[in-house]
Each structure stands twice: as structure tokens, then as C-alpha cells.
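In this chain, residues are counted from 1 in sequence order. When a ligand or atom number is given, it counts from 1 through the structure's own listing order.
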Amino acid sequence: MTTEKKRYYEPAPQGIDVENFKKVVTSRRSVRKFTEKPIPSDILDQCLDLALLAPNSSNLQPWTFYVVQNPEKKQKIVKACLNQWAARTAAELIVCVARTDRINEMAKLNIQEFPFPEIPPLVKKYYTYIPLNYKTGYLNAIGNFKKVTFKVARTFDKQMPVTAFTPADAKLWAAKTTALACENLVLALRAYGFDSCMMEGFDEPLVCKTLGLNTKEFPIMVIGAGERAEDGVFFPQYRFDRDLFIQKV
Ligand SMILES: Cc1cc2nc3c(=O)[nH]c(=O)nc-3n(C[C@H](O)[C@H](O)[C@H](O)COP(=O)(O)O)c2cc1C
């Protein structure tokens with residue numbers, strides 16, 4: 001008799017309203033002017049919670065969303081955003097930060113909060129070693145070590161995963177994942193009838209100083225959010241020929 005291992009099963013919900021999903025995606029625009037209507041805090045919280053459900057590398061969740069509500073700090077962030085309309089008129093300003101300083105902490109939480117009473121040894125092992133994949137170490141010692149070992153491994157036709165060889169790679173790793181949460185956030189806002197503008201037109205040192213960020217916290221964008229003003233969208237949305245961007249190979 002074969003004893004089959006019981007696997008976790010999560011059925012894919014069906015009957016999702018695609019037309020409404022399309023409406024959310026297609027009606028999202030970069031809004032540069034907002035009304036004075038505030039975003040109710042429970043709605044903002046729900047949007048932030050949906051942002052946190054974004055897929056993320058190894059479930060390490062390398063992000064922080066600073067919702068800037070202190071009036072003095074907000075004024076400084078508006079200034080840092082070059083005083084853009086989208087920042088100046090926004091009901092809420094959210095600084096989206098990718099971070100590489102909590103990799104160990106997040107790996108430990110993945111072990112501690114694994115959603116089954118017994119953590120499979122493979123998962124434990126994964127979270128013991130995975131931090132090394134995204135860390136570069138003091139004087140880039142880990143990064144350089146990986147550079148050599150990955151090169152050698154590939155000469156033996158061994159496939160190696162994406163890794164961080166330099167602090168810039170680590171920053172890219174965290175930024176990639178954080179941007180996905182940013183998209184969730186703006187789509188969630190749209191679904192609740194609010195709008196947003198992603199901004200990378202900001203003075204990074206001023207943002208870091210205003211929020212007291214450490215050197216491994218990287219603001220990747222500031223999101224201005226609020227209710228779209230009647231003249232809040234400056235021109236119709238346009239994209240180039242899809243053949244420029246989609247290749248079926
Ligand atoms: C990473 C990123 C940074 C952006 N920075 C700014 C910005 O600083 N100011 C601004 O007005 N729009 C900014 N935008 C908005 C883009 O200009 C806008 O998404 C693009 O023109 C397409 O328009 P749509 O968002 O309405 O489709 C940014 C968008 C992204 C994704």
C-alpha cells in the first residue's frame with residue numbers, strides 16, 4: 001500500500017469579474033492634480049494591505065511604505081518631490097522604500113511564521129541560506145566570493161540563480177519586488193475610486209534625511225494619492241505598437 005503525502009490545496013477562485021478588473025487597470029492614470037477630499041483611513045489601510053500581498057522575492061518582503069502624515073515631514077517630502085503638482089495636491093504621500101537591511105530578520109520570520117505547525121527541513125534550510133543570495137557582505141566579500149563560485153559552477157554547466165554580486169544588485173533585487181507592491185497599491189486605490197501618481201522625480205537625499213532612512217533603505221518612488229481633480233489628468237493615455245514590446249519566441 002502506498003501512503004500518498006497529503007498536499008496543501010488552495011482552489012483557484014473562479015467567476016472573477018474580468019470587466020471590472022479591466023476597468024481598474026485601464027482607468028488607472030497618473031493623476032497630477034487631486035481634490036482636497038481625504039482618503040478615509042480604513043480605505044488607505046486596505047489599499048496598503050493589498051500592496052503587501054504582492055509577489056516578492058523568496059517572501060522576504062524587502063519593503064517599507066512610509067505614509068507621511070506629519071505636516072512638517074509632508075511639506076519636506078513635497079519639496080523633495082520638486083514641488084510637483086502630484087505631490088503638492090495629494091491627500092496622501094507614500095514613500096515606497098526598498099530595503100536590504102532586514103534580509104536576515106525576514107528570513108527568520110519566514111521560519112517562525114511558517115503556516116504549518118511543522119516546518120519542512122528543506123524550507124528551514126532554504127531560509128538559513130537564502131539571505132546569502134541577496135547579501136554582498138562587508139567590503140563586498142560575499143559578493144566577490146559568489147562571483148567566483150558562480151563562474152566556476154557555470155563552467156560545469158551548472159545553472160545558477162539570480163543573485164547579488166554587488167550592493168547595486170542587492171538594491172535592484174529589493175527594488176524589483178517593491179515596485180510590484182507599488183503597482184498593487186495604485187490599482188487598489190483605483191478600485192476604491194481614488195487615484196495616484198508614482199513619482200521618481202524627487203531629491204533622494206532629502207527624502208532619506210526627512211524620514212531618517214539608513215543607508216540600506218532606498219526610496220524607489222513616492223506615490224501621491226487622492227481623489228482625481230476634474231482636470232487632474234493632463235492628456236489621454238497612449239502606448240506604442242505592441243509589437244515593439246511583445247515577442248513570442
Ligand atoms: C517609476 C515611475 C516614476 C514616475 N515619476 C513621475 C514623476 O516624477 N512625475 C510625474 O508626473 N509622473 C511620473 N510618473 C508617471 C509616468 O510619467 C506615467 O506613468 C507615464 O507617462 C504613463 O502615463 P499613465 O500612468 O497615465 O499611463 C512615473 C511613473 C513611474 C512608473
Exercise for the section: Classify the contact between Cys197 and ligand 1 as side chain, backbone, both or neither, using a heavy-atom distance cut-off of under 4.0 Å. Expected result: side chain
Fill in the blank from the handout: Within the 4.0 Å heavy-atom cut-off, what Glu183 brings close to ligand 1 is neither
Exercise for the section: May I ask you to list the atoms of ligand 1 that are less than 4.0 angstrom from any heavy atom of Gln237? Expected result: 24 (P), 27 (O)
Practice task
May I ask you to check if ligand 1 and Met221 share an N or O to N or O distance below 3.5 Å?
Solution key: no
Exercise for the section: Please work out whether the ring planes of Tyr8 and Phe116 are parallel, tilted or perpendicular, with thresholds of 30° and 60°. Expected result: perpendicular
Exercise for the section: Under 4.0 Å from a heavy atom of Gly201: give me the atoms of ligand 1 that qualify, with their elements. Expected result: 8 (O)
Practice task
Show the numbers, then the answer: is there a side-chain hydrogen bond (donor to acceptor under 3.5 Å, both in side chains) between Asn104 and Lys135?
Solution key: CA-CA 9 Å; Asn104 283 345; Lys135 286 167 75 162; 3.2 Å; yes
Handout entry: Option whose closest heavy atom lies nearest to atom 16 (C) of ligand 1, chosen from Met199, Arg32, Gln84
Key = Arg32
Practice task
Starting from atom 22 (C) of ligand 1, find the nearest protein heavy-atom neighbour and note its residue, name and distance.
Solution key: Arg239 NH1, 3.6 Å
Practice task
Tell me which protein heavy atom sits closest to atom 3 (C) of ligand 1, plus the residue, atom name and distance to 0.1 Å.
Solution key: Glu200 CG, 3.3 Å
Exercise for the section: Drop me the distance from Tyr127's OH to Ile119's CD1, to the nearest 0.5 angstrom. Expected result: 8.5 Å
Practice task
Indicate yes or no: at least one non-hydrogen side-chain atom of Phe65 is less than 4.5 angstrom from one of Leu52.
Solution key: yes
Completion exercise
When distances are taken from atom 31 (C) of ligand 1, the protein heavy atom at minimum range is Met198 SD, 3.7 Å
Completion exercise
OG1 of Thr128 to NZ of Lys108, rounded to nearest 0.5 Å, is 10.5 Å
Handout entry: Mutual orientation of the aromatic rings belonging to Phe240 and Tyr238 [parallel < 30°, tilted 30-60°, perpendicular > 60°]
Key = perpendicular
Exercise for the section: Would you verify that at least one protein heavy atom lies under 4.0 Å from atom 1 (C) of ligand 1, or report that none does? Expected result: yes
Exercise for the section: Quick one: closest heavy-atom pair of Pro38 and Ala91, and the distance? Expected result: CA-CB, 4.2 Å
Exercise for the section: Look at atom 20 (C) of ligand 1 and say which protein heavy atom is nearest, naming residue and atom and giving the distance to 0.1 Å. Expected result: Ser30 OG, 4.6 Å
Practice task
Just jot down the ligand 1 atoms closer than 4.0 angstrom to any heavy atom of Arg29, in number order.
Solution key: 24 (P), 26 (O), 27 (O)
Exercise for the section: Report yes if some heavy atom in the side chain of Asp195 is under 4.5 Å from a heavy atom in the side chain of Glu227; otherwise report no. Expected result: no
